[in-house]
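A note on names: the letters A, B, ... follow the listed sequences, proteins ahead of strands, and every chain is numbered from 1.
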Amino acid sequence: MSELSIQNLSMRFDLPNGSSVQALKDVSLDLKSGELMSVLGPSGCGKTTLLNIVAGFLAPTEGRIVLNGHEVKGPAAERGMVFQQGALFEWMSVRDNVGFGPTMKGMARAEKRQVVDHLLDVTGLGAFKEKAVYELSGGMQQRVALARCLANDPDVILMDEPLGALDALTREKMQGLVLKLWKETGKTIILITHSVEEALLLGERLVVMAPRPGRVHREYRLPFADIGVDQDLREVKKLAEFGDRREEILSMIWDMEEEIMGRTEGAGA
Amino acid sequence: MIPFLIYVAIFLLSFAVVRGGLRRYFTRRDFTSLKTVTFGDESAVRPDRAASVISVLTIFLLWGAFTGSKWVPVHAPGPFLGDTSFTYTAEAADGSRDDAVVHARVFRLGETVEAPVVAPGAGFAKDDVVTVAAWRSALIRADANDTLTRKDGARVVAIDGQPIAPGGAVITDAGRVAMTPKGTLNYAPPKGMQMEPIWLPPPEAVVSRVGEIAREGYQNFTLWQHLGWSLYRVVAGFLLGALVGIPLGYAMGLSDWFRGWFDPIVEFMRPVPPLALIPLVIIWAGIGESGKIILLFLAALWIMTIAARAGVSGVRISKVHAAYSLGASKWQVLRYVIVPNSLPEIFTGARVAMGVCWGTVVAAELVAAEKGAGMMIMVASRFQLTDIVIMGIILIGIIGYGIDILMRMGEKWLVPWKGKG
Ligand SMILES: Nc1ncnc2c1ncn2[C@@H]1O[C@H](COP(=O)(O)OP(=O)(O)O)[C@@H](O)[C@H]1O
Ligand SMILES: [Mg+2]
C-alpha cells in the first residue's frame, strides 16, 4: 500500500530583484495509506507550494518526497490533483473529462465506459454525462474534477482548496461527498483548505502551518472525520469538542495573521 | 458640402422621428429594456435596427439623388440641358460698340447634337452658335465671324452687360463665361449639383455593369474568374501561412530555443505591412501567381504564428498540471490540452489574417496582375470607367464581409467553448 513521506522539505524562491522568499523550511510529514490529512494556515504560508512539490510540479531546494519507496521526480498518474477551479477541459464533455486519465493510459473502450459511468453515478453526475462542462454550475464542475481524479485510480489525491470557490450550501454538500468518497475508496488524501470547519470535519489529521518561513506549527489527530462518515455533518459541528477545537485553531491562525500584519506594518514604517 | 449637410440632417431628423415618436409604439420588452442605467453599460447598447435600415437607405438615396438616378424620386438640380444664350458686346478700334448673341445648345455627354441654326444679325458683331456637353466647357472665338475681328483691333468688352477683360470671368444666367488672355471666350453651362457620371455614376449604371460584366467579362476574364482568382490566391496564401505559422507558433510557445530563435524574426516582421513587401516580391517572383501567393503567405504567416503562440501561452497552467497528473505524456498534453485550448486564439488570428490577406491581394492586383478584382478596378480606372470601379469596390467589400461571417460561423461551430474556460 501507499506510504507518502515528505522529508525535510525546504523551498526558497529567488526573486529577480535579488531577494528571496523562504516558502517552506524543513517540513517533514509522513502519511499512512488511506489517511486524510487537512492542511490549514494563513495565506502565504506555503500550502500550495507544498502541494505542488508533492505533485511533482516543483523541485524542492532541499529535501525529498518518497512515495511507495520511490522518490518523486515529476508529475505522475499515481498522484492525482484536484484544483480549486478552471482545471477542467472545457472542450470535452463531462464524460470525456472524467475519462481523460483512462484515455491517456489507453484503456479499452468498454472498460473505460464502465469506470466512467460508475464514477459519474457515484458523484451524482449521472444526468450530465454528455453535457459540456461549462454548462455546469461550480459545484457540479468540482464533482467532475473529483470524478476525473478518481477515474485514474491514483494512490494519493492532492486537493488545493477544492471547495474554496463554492457557496456555503454547495460546499457543505461537497464536504459530505469528499468524506464519502474517501471512505469508499480508501485513498490517501492531502486537503488544503482555508476553512477551519472544513479542515476539522474532513481531516483525520490536521496540520496547521505557520508562515515566514512556511513550517509545520501544530498537528492534531481528530475523530470528526470518522464520526462524520455515517452522520450528518451538521450534527458533528454541534459537538462540544468540535467547537473547542475550532476556537482553539481559529485563535491560533488569528494570532499568526496579527503577527504578519504587525510585521508588515513595522517594515512599512 | 451640401450632401454632407443633408446627411447630418437626415441623421438628426430620423433620430427625432424614430426615438421621439415611433418608438413609443414599438417598445421592446425584455430584460435590457428595464435597465435604468444604460449610458456606460456597454451590454445595454444594442444597435437600433431602424437606424441601420435608415442609414443604408440614406446612403443610396443620396447617391441616387446626386447622380440623377432613375430609382430615386427626388433629385438634386441636374446640369443645364437645352438651348440658352448670352450677349456679348464688342468694341471696335474706333470705340464703336455692337452687341451680338451666342446661342448655346447644351447636350448630354454621349448624345449627338446638331448646332442650332441662327441668322447672323445686324451690326459688325455677328451672332455665334456653340454646342457644349453638360459639365464641359467650350471655347468661342466670338469675333471670328464678325465684320471686325481681333486683327482689326476689335475686342469683347462685356457679357450680358457685365464688363469683362482678358483673364476675367462673369456669371450670367446662361452659365459662366470666362475670357482667355488672348480674348477668346470660354463658356461653361451651369453644372447643377449632381455628380458627373465619370466621378460617380448612378446606382443603376453600376448594377447594369455588374450584369454586363458577369455576362461578357472584362479584360479577357469573366467577373467570376476575376473574383475567383483573387479568392483562390487568398485561400492558398492563407492556408500556406497557417500550415507553417501554427506549428511555428506552437514551437515558440513550447521551446526556449525556438522562442529565442524566431522571436527577433517574428517581432521584426510583425510591424512590416505586407504591402511594403510587394516591390520585393515582384522583383523576386515576378507578377505571376507565385509572387502573389508568396506575398499572402507572408501576410498570413506572422499573424498565425503569433496567434498560435498566444494560444499556447494562454493555457491555464492548472489545466496542463491536471493533464500531467492524469498521466498524460508531452504529446498527449499537446494534443488534448494545448491544441484545443489554443483553437479560439487561432480562429481569431485566422479571421484577422483572412482580412489582411483579402486587403493585400487587392492591393497587389492593383499594382500588377493579369486578372483579379484589384486588376479589374485598376484597369477600369485608367479608362475612367467609374461604374466598374465602384462595382468592384462593392464586390470586394461584400466578399470581405462574407469571409468574415463565414469565419465567425466556423468559429461558433468548431470552438463552442470559446471564452467559457
Ligand atoms: N513562483 C513563485 N515565485 C516567487 N514566490 C513565490 C512563488 N510561489 C509562491 N511564492 C511565495 O511563497 C510563499 C508561499 O506561497 P503559497 O504556497 O502560494 O502560499 P499559500 O498557498 O499558503 O497561500 C508566498 O510568500 C509566495 O509569495
Ligand atoms: Mg494557496
Do the rings of B:W257 and B:W261 sit parallel, tilted or perpendicular, given the 30° and 60° boundaries?
tilted

Highest number of heavy-atom pairs under 4.5 Å with chain B among A:F83, A:W91, A:F100 belongs to A:W91

Between A:L88 and A:R148, which heavy-atom pair has the shortest distance, and what is it?
CA-NH1, 3.7 Å

Please classify the contact between A:A76 and chain B as side chain, backbone, both or neither, with a heavy-atom cut-off of under 4.5 Å.
backbone

Please determine whether a side-chain nitrogen of the Lys or Arg among A:K187 and A:D155 lies less than 4.0 Å from a carboxylate oxygen of the Asp or Glu.
no

Looking only at heavy atoms and a cut-off of under 4.5 Å, which of B:V415, B:L343, B:V337 has the most pairs with chain A?
B:V337

Below 4.0 angstrom, N of the basic side chain to O of the carboxylate: do B:K319 and A:E90 qualify?
yes

Can you tell which of A:A145, A:A87, A:G101 has the highest number of heavy-atom pairs within less than 4.5 Å of chain B?
A:A87

Are any of the side-chain nitrogens in A:R12 or A:E62 under 4.0 Å away from the carboxylate oxygens of its partner?
no

Interface residue of largest heavy-atom contact number with chain A, from B:P340, B:G327, B:A322, under 4.5 Å:
B:P340

